[in-house]
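To start, the structure itself, in structure tokens.
No hydrogens, no waters, no symmetry mates; every other heavy atom, side chains included, goes into these values.
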Amino acid sequence: MFANEKFKKIVTNLCYALELIAALFVLVGIIITIIRLVPSVEEYWNQRMETSAFTAFLERVMALVIGVEFLKMLCRPNSDNILETIIFVVARHMIIAPMASTIDGLISAVSICLLVFMRRYLKVSRDKEQKRESAGLKDVIKDLKSE
């Protein structure tokens with residue numbers, strides 16, 4: 001049994017290390033994307049009268065934003081970061097990808113609404129739990145002071 005627990009701990013630590021390595025690769029990719037975005041600004045400025053130029057520029061920026069959100073999710077995997085990443089991915093799909101049909105647009109819009117609602121609900125639940133914990137801590141402190 002002891003060997004099994006030790007093996008689980010080694011595998012868990014290895015997983016954390018692999019996550020950090022993946023996060024470093026994503027960070028390098030983000031830095032490269034930022035560097036490559038600088039000429040895109042000039043290219044967009046030169047073609048600013050064309051709608052397609054803005055769409056191409058926006059696609060590059062949204063890819064960068066999604067990369068940053070993904071990096072945040074890798075570094076701190078909590079429900080807020082995961083939901084934010086998914087919201088940006090769906091928003092990118094709505095803005096950049098050509099809509100196959102009206103239903104596709106409706107599904108994307110409903111998805112974002114549900115994700116925002118879930119994020120809000122999880123935040124309210126977490127806030128209530130933190131208030132209960134802090135109230136319990138205050139009661140413990142009062143009990144200690146009264147003794």
Side-chain angles (χ1 to χ4, degrees), residues 1-41 43-44 51-147:
M1 190 114 162
F2 178 71
N4 190 22
E5 293 298 320
K6 190 172 183 176
F7 178 74
K8 284 182 183 180
K9 186 175 182 179
I10 290 171
V11 170
T12 302
N13 289 338
L14 182 62
C15 288
Y16 288 132
L18 290 174
E19 276 183 350
L20 285 176
I21 291 169
L24 285 174
F25 281 125
V26 171
L27 180 63
V28 168
I30 289 170
I31 292 169
I32 291 170
T33 302
I34 289 171
I35 293 169
R36 291 187 66 210
L37 193 62
V38 173
S40 296
V41 173
E43 180 183 324
Y44 169 63
T51 307
S52 61
F54 179 67
T55 305
F57 180 72
L58 191 59
E59 186 173 354
R60 291 182 184 119
V61 171
M62 288 296 287
L64 177 65
V65 169
I66 289 171
V68 170
E69 289 298 322
F70 185 69
L71 181 63
K72 282 175 31 181
M73 185 181 73
L74 280 175
C75 292
R76 277 187 270 144
N78 59 34
S79 60
D80 280 341
N81 290 340
I82 292 169
L83 286 173
E84 277 183 27
T85 303
I86 296 171
I87 288 169
F88 277 110
V89 168
V90 174
R92 180 186 181 275
H93 174 75
M94 281 181 69
I95 295 168
I96 303 300
M99 293 294 168
S101 67
T102 308
I103 299 295
D104 190 31
L106 179 65
I107 290 171
S108 295
V110 169
S111 298
I112 287 183
C113 290
L114 288 173
L115 289 166
V116 169
F117 176 76
M118 284 175 52
R119 184 170 172 233
R120 177 72 178 153
Y121 175 75
L122 289 173
K123 182 174 175 55
V124 169
S125 298
R126 204 172 319 116
D127 288 346
K128 285 182 182 177
E129 185 177 313
Q130 286 176 349
K131 285 180 184 177
R132 268 190 253 126
E133 287 177 2
S134 65
L137 182 60
K138 288 177 184 176
D139 291 341
V140 170
I141 292 172
K142 286 179 186 177
D143 289 342
L144 289 174
K145 286 182 178 178
S146 65
E147 291 178 358

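In this view, Phe25 satisfies the ring-ring contact (aromatic ring centres under 6.0 Å, His included) rule with no residue, not counting sequence neighbours.
When all heavy atoms of Leu74 and Glu19 are compared, the closest pair comes out as O-OE1, 4.4 Å. Pairing each heavy atom of Ser108 with each of His93, the nearest pair is OG-CD2, 3.4 Å. Scanning all heavy atoms of the two residues, the minimum distance from Arg119 to Ile87 falls at CD-CD1, 4.5 Å. In this structure, Asn81 and Met73 approach most closely via the heavy-atom pair CB-CA, 4.0 Å. Closest approach of Glu69 and Phe88 over heavy atoms only: CG-CD1, 3.4 Å. When all heavy atoms are compared, the tightest approach of Leu37 to Arg60 is CD1-CB, 3.8 Å.
Rounding to the nearest 0.5 Å places NZ of Lys72 at 9.0 Å from CG of Asn78. Here the straight-line distance linking atom CG of Leu58 with atom CD1 of Ile95 works out to 5.5 Å at 0.5 Å rounding. Here the CD1-CG distance, from Ile32 to Leu64, works out to 12.0 Å after rounding to the nearest 0.5 Å. The CG atom of Asp80 sits 6.5 Å away from atom CD of Glu84, with the distance rounded to the nearest 0.5 Å.
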Could you give me the CA-CA distance, side-chain angles and deciding distance for Leu24 and Val28, then say whether side-chain contact (heavy atoms from CB on, under 4.5 Å) is met? CA-CA 6 Å; Leu24 285 174; Val28 168; 5.6 Å; no
Apply side-chain contact (heavy atoms from CB on, under 4.5 Å) to Lys9 and Asn13, showing your working. CA-CA 6 Å; Lys9 186 175 182 179; Asn13 289 338; 3.9 Å; yes
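Between the side chain of Ser40 and the backbone N or O of Phe57, no donor-acceptor pair lies under 3.5 Å.
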